[in-house]
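Following: one structure in structure tokens, then a few remarks.
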Amino acid sequence: MRDEQYEPLKIEKKWQQVWEDQNKFKPKPSDKQFSIVIPPPNVTGSLHMGHALEHSIIDVLVRYKRLNGFEALWVPGTDHAGIITQLLVEKELSSQGTSKELLGRDKFIDEVWKWKETSGENISNQMKTLGMSCDWSMERFTMDEGLSDAVQQVFVDLYEKDLIYKGTRMVNWDTTLMSAVSDLEVNMTSKQGKLWNLRYKVGDEHLVIATTRPETLLGDSAIAVNPNDERYKKLIGKKAIIPLVNREVPIIADEYVDIEFGSGCVKITPAHDFNDYEIGIKHSLELISCMNLDGSISNDEFIPKNLRGLDRFEARKIIIQELQKLDQVEKIDDYTNQIPIGDRSKSILEPMITEQWFVKTKDIAKDAIKAVETDEIKFIPKNWEKTYFEWMYNIQDWCISRQIWWGHRIPAWYDDNGNIYVGLSEEDVRSKNNLSNEIALIQDEDVLDTWFSSALWPFSTLGWPEDTDKLKQYYPTSLLVTGFDIIFFWVARMIMMGLHVQKEVPFQDILIHGLVRDSKGRKMSKSLGNTIDPLELSVNHGADALRFSLIEKASPGQDVPFDEEWTVAAKKFGNKIWNAAKFVHLYTDDSDDLKNDEIISKENIWILTRFNQVLNEFELLFNDYKVSDAYKVFYNFLWSDLFDWYFELSKNLITNNINKEETSYVLRSVFLKSLKILNPAMPHITEEIWSSFDETLLIDNVWPDKYKINQNDTQEVEALKNIISQIRNFKVTYGLKNSQSIELHSSTNFEDWFIMQLEVLTKCTVQKDSDIFSKEKNLVVFQHQNFKFGLVPGEYIDIEVEKKKLNKKLAELSKTLDVSKSRLDNKKFVENAKPELIQQEKKNLANVTLEIDTINETLNTLNG
RNA sequence: GGGAGAUUAGCUCAGUCUGGCAGAGCGCUACCUCGACAAGGUAGAUGUCACAAGUUCAAAUCUUGUAUCUCCCA
């Protein structure tokens, strides 16, 4: 690498190959275990920025654990994603001029499997390109054999424990999918619509009823008012006539009716509205269906001929027209409707009464709530547990049957009499129930909700229902890294299933990450055209740069407003490290790998101390899952402390033969240890650079220790840095070239190393003159604490500029002086504050006073 | 309607749990090709910490309220 430029693509491919060929992602046996299962991406898709973020976070944690001697397992895999995959393949088929109906169930499923093979491989390749260190030999798919066994086993078990039942209920129905969906798959959206105020006849009078869904009046079975509504009290118990169908329905009283809403009267349609369904049950109202499952109006018994077969929204228009003809429309108001939209199909959902399978959740939710209450499972950040509790306390039974083809077929069989038999297979069912082969059995046509199999993921991927070693070893898993958007869909259900089936939590910590947004904070979406393809970024700037830019931005729970700029900056960081490596080679390759017992030079002690401090801080943050903060701290250490300051200081030690060997050791050692710290985030570049120093692989290495040093006094080097900055500032202010040498004076002796570094780094010479400050009138002073240097300004100084500068500084210092003084004068402060703080305040006061005195002196001489 | 979060430099955000002089990156300005690095270096400017009240010796940080925005649930 010594003569090459940093070209990420070249080195990344190479090391990915090496790691994979040598099985480096397989866990190495250890007594410390760390396991994590991937949130399985939908097998249909290709990876987006959200995946890149999630995987980068997981990988940095896994690699960190690996370096720290853990037996670290990351299980990869994909999800069959029932509805969305089926829709995609259907779309593909229709572009080929065929359809799932034409193919039939079995052939269609074959088509989906073919699709899955290419798409699934695509996903793992993309992950490999980004350097994700999964154990690929453990890769799983939610529909593979083992996982299907797990699904059936759990279904049968829950059924036998009466935790799964089949029932006729009102569910959210997707009229285009022709399937039920769960409550969670419903997105409520606001839409500008109308509120129709319709007249229903009551005897010779009429009542006005406000509704957003006039077409459902065909299925009305009551009119409801609030019992406390004085306007309508006298009507309770009377009959109203439904227009168009001329059905007589009772006027009932129910607290549910909002007196303020519309006219205060509402129509009750128990077969087509969730609230009305409840009221219908409460008041024993008739369920009158007026809609087919595809959303068309039907019911030949009572529906006018011209409406039959029309889509519900077409029918609405005609119904309104006819009511207007009959003068039964009082008025039409503008109104913001809440429209339920299918999460996947995006079509308007209808509440429908159908027969479906449900999981009884109340009981299994209890343990899942307790596990989080007792901190057996921890959310990071903690506040997400409130979201979790809120949902879990109000959990509803989970509708798990879907009327689609792609998925786990429900393991239930029916005989001719409609008896239900649940078992692992038809054979199992026959033998359990003593059913002879003469009795015909038909398997349930429905498949399970995708999330049913996902809920078993943490243990099904480890081999359950087989009693595998992996399951014993890695379950419960250590950590789950996921987005807040699937806490209900997935996290809650994994906790419930994990506890119920395994009697143990599925994971200990849940690290929640945010959403990747665009740089303006908007969601990335295809319709906005602001999506970024992570693979494209990695081609342009390197996988390491992409990973680092995501990791550095991702605070737990916080959204990540992303800009390609961040990745560009991360690549520059990589380039900086690359060049730093060349520097280390250049200055240390000719020295022996000599390790001094005791480091003596101040500069070296300083960098070792800084390294220790930073490593300590890094570990504290990292172990708290503040990965982004940890790497920000480390980034600043590398660029500022190590590269900008220490590299310059070390040059002077090495080229001047001052403690050359210890400096070579320190320079090389701090750099190499830094590579290790950087490795989990930027695995490829660090491995490449490491290989130019060492024959072993960095991935096989161990996390660095802190240095054992006898002193940790960094004050003098900090003072040196401070004085150097002041002098550089002076030079810039007066337009002096960097290369121009200046002459400084000091009245006391400073150590040789200090003067040497000062002279080289600021291009100055220091003259010792014990009474320079009393003798010389016109001196510019550079001072930090008791380090004090004077400069005879000569011809290049503009006294007015200097005075302005000094006055400004004086004002700043006086302010801090006042604060310090008033604090120390304050009796209560002295009584209440911590002793260290008071000590520090006193020291501060002394320093500031010293500096103010100096500036005043200088100002006096400049004025004089 | 219920719940959660946000409001800090031009931009994107740390810092708030655990009170102690307001931070980072990017951007901006000026200068610099000096043997690791111009994908770089040096130096610099920039703030009513949303608003109001309270607690405290001390508040961006704790308490209460207000405003605006975002998300989740109904």
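Convention: sequence-line order gives letters A, B, ...; per-chain numbering from 1. Treat the numbers as computed from the prediction; the structure is a model and nothing was measured.
- Residue pairs that meet the salt bridge (Lys or Arg N to Asp or Glu O under 4.0 Å) test with at least one member in residues 561-579 of chain A, sequence neighbours left out, do not exist here.
- When the side-chain hydrogen bond (donor to acceptor under 3.5 Å, both in side chains) test is applied to A:Thr733, the partners found at least two apart in sequence or on another chain are A:Asn729.
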Protein-nucleotides 32-36 of chain B N/O pairs under 3.5 Å:
{"from": "B:rC34", "atom 1": "N4", "to": "A:Asn738", "atom 2": "ND2", "distance (Å)": "3.4"}
{"from": "B:rA36", "atom 1": "OP1", "to": "A:Lys651", "atom 2": "NZ", "distance (Å)": "3.0"}
{"from": "B:rA36", "atom 1": "OP2", "to": "A:Tyr587", "atom 2": "OH", "distance (Å)": "3.0"}
{"from": "B:rA36", "atom 1": "N6", "to": "A:Phe643", "atom 2": "O", "distance (Å)": "3.2"}
{"from": "B:rA36", "atom 1": "N3", "to": "A:Asn579", "atom 2": "O", "distance (Å)": "3.1"}
{"from": "B:rA36", "atom 1": "N3", "to": "A:Ala580", "atom 2": "N", "distance (Å)": "3.4"}

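- Applying the side-chain hydrogen bond (donor to acceptor under 3.5 Å, both in side chains) rule to A:Asn187 yields the partners A:Asp343; only residues at least two apart in sequence or on another chain are considered.
- Among the protein residues, A:Gln558 comes within range of the sugar-phosphate backbone only, with heavy atoms under 4.0 Å from sugar or phosphate atoms but none that close to a base.
- Every residue two or more places apart in sequence or in another chain that forms a salt bridge (charged side-chain N to carboxylate O under 4.0 Å, His left out) with A:Glu385 is listed here: A:Lys382.
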Please list, for nucleotides 43-48 of chain B, all pairs of protein and nucleotide N/O atoms separated by less than 3.5 Å.
{"from": "B:rA43", "atom 1": "OP1", "to": "A:Ser725", "atom 2": "OG", "distance (Å)": "3.2"}
{"from": "B:rA43", "atom 1": "O3'", "to": "A:Asn729", "atom 2": "ND2", "distance (Å)": "3.2"}
{"from": "B:rG44", "atom 1": "OP1", "to": "A:Asn729", "atom 2": "ND2", "distance (Å)": "3.1"}

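- Partners of A:Gln338 according to the side-chain hydrogen bond (donor to acceptor under 3.5 Å, both in side chains) rule, which considers only residues two or more places apart in sequence or in another chain, are A:Ser190.
- Listed by chain and number, the residues in a ring-ring contact (aromatic ring centres under 6.0 Å, His included) with A:Phe488 are A:Trp391 (sequence neighbours excluded).
- Counting only residues at least two apart or in different chains, salt bridge (Lys or Arg N to Asp or Glu O under 4.0 Å) contacts with residues 623-639 of chain A comprise A:Asp629-A:Lys632.
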Watson-Crick and G-U pairing of RNA chain B, under 3.5 Å, as dot-bracket with | and [ ] = ((((((((.[[[[.)....(..]]]].(((((.......))))).....[[[[[..)....]]]]]))))))).
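- With sequence neighbours excluded, the residues that form a ring-ring contact (aromatic ring centres under 6.0 Å, His included) with A:His684 are A:Trp19.
- Within the structure, the salt bridge (Lys or Arg N to Asp or Glu O under 4.0 Å) test picks out the following pairs touching residues 642-656 of chain A (sequence neighbours left out): A:Glu648-A:Lys651.
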